[in-house]
Amino acid sequence: MSNNLSVRVKKEKLEELDRLAKCLGLDRATIVRRIINEGIKEQKVELGIQLYQKGDTLEKAANLSRADLWDLIDEIKKRGISSKFDIE
């Protein structure tokens, strides 16, 4: 079930959204949904990394943050974060 969400954005951001949507052949609502979905995914990974760095295992960090374990592992590798265990 979908719900509505109203937010205020600056005119410049709205124009950027419209430009992106037009370039991708999408409507404004679709591009906003994509951006929100990607942002949520990124924030879950960020939270997972923070939990991992504070001492949680990768599995626990992924479960608590609800991040995909493999996305978390990939980002840890990209950032060169040292691990307590070999993630290979």
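We're numbering straight along the sequence, starting at 1.
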(request) Any chance you could measure I49, atom CD1, to I73, atom CD1, to the nearest 0.5 Å? (result) 11.0 Å
(request) Find the distance between NZ (K41) and CG (N37) and round it off to the nearest 0.5 Å. (result) 10.0 Å
(message) Could you walk me through whether R19 and E16 satisfy the salt bridge (Lys or Arg N to Asp or Glu O under 4.0 Å) test, starting with their C-alpha distance in whole Å, then the side-chain angles of each, then the deciding distance to 0.1 Å, before giving a yes or no?
(response) CA-CA 5 Å; R19 258 194 308 277; E16 286 182 56; 5.2 Å; no
(request) Please round to the nearest 0.5 Å and tell me the distance separating atom NZ of K44 and atom CG of D68. (result) 8.5 Å
(message) I need the minimum non-hydrogen distance between A61 and D56, along with the two atoms involved.
(response) N-CB, 4.2 Å
(message) Please give me the minimum heavy-atom distance between Y52 and T57, naming the atom from each residue.
(response) CD1-C, 4.1 Å
(message) I'd like to check E59 versus N63 (side-chain heavy atoms, cut-off strictly below 4.5 Å). Are they in contact?
(response) yes
(request) To the nearest 0.5 Å, tell me how far I35 CD1 sits from I40 CD1. (result) 12.0 Å
(message) I need the I36 CD1 to E38 CD distance, nearest 0.5 Å.
(response) 12.0 Å
(message) Check for me, please, whether L47 and L69 land in the same ILVMFWY cluster - side-chain distances under 4.5 Å, paths through other members count.
(response) no
(message) Hydrophobic clusters here meaning ILVMFWY residues chained together by side-chain heavy-atom distances under 4.5 Å, can you tell me if L26 and L17 are in one?
(response) yes
(message) Could you check whether any side-chain heavy atom of L58 comes within less than 4.5 Å of a side-chain heavy atom of I76, counting everything from C-beta outward?
(response) yes
(request) Decide whether L51 and W70 are clustered together by the hydrophobic rule: side chain heavy atoms of Ile, Leu, Val, Met, Phe, Trp, Tyr closer than 4.5 Å, transitively. (result) no
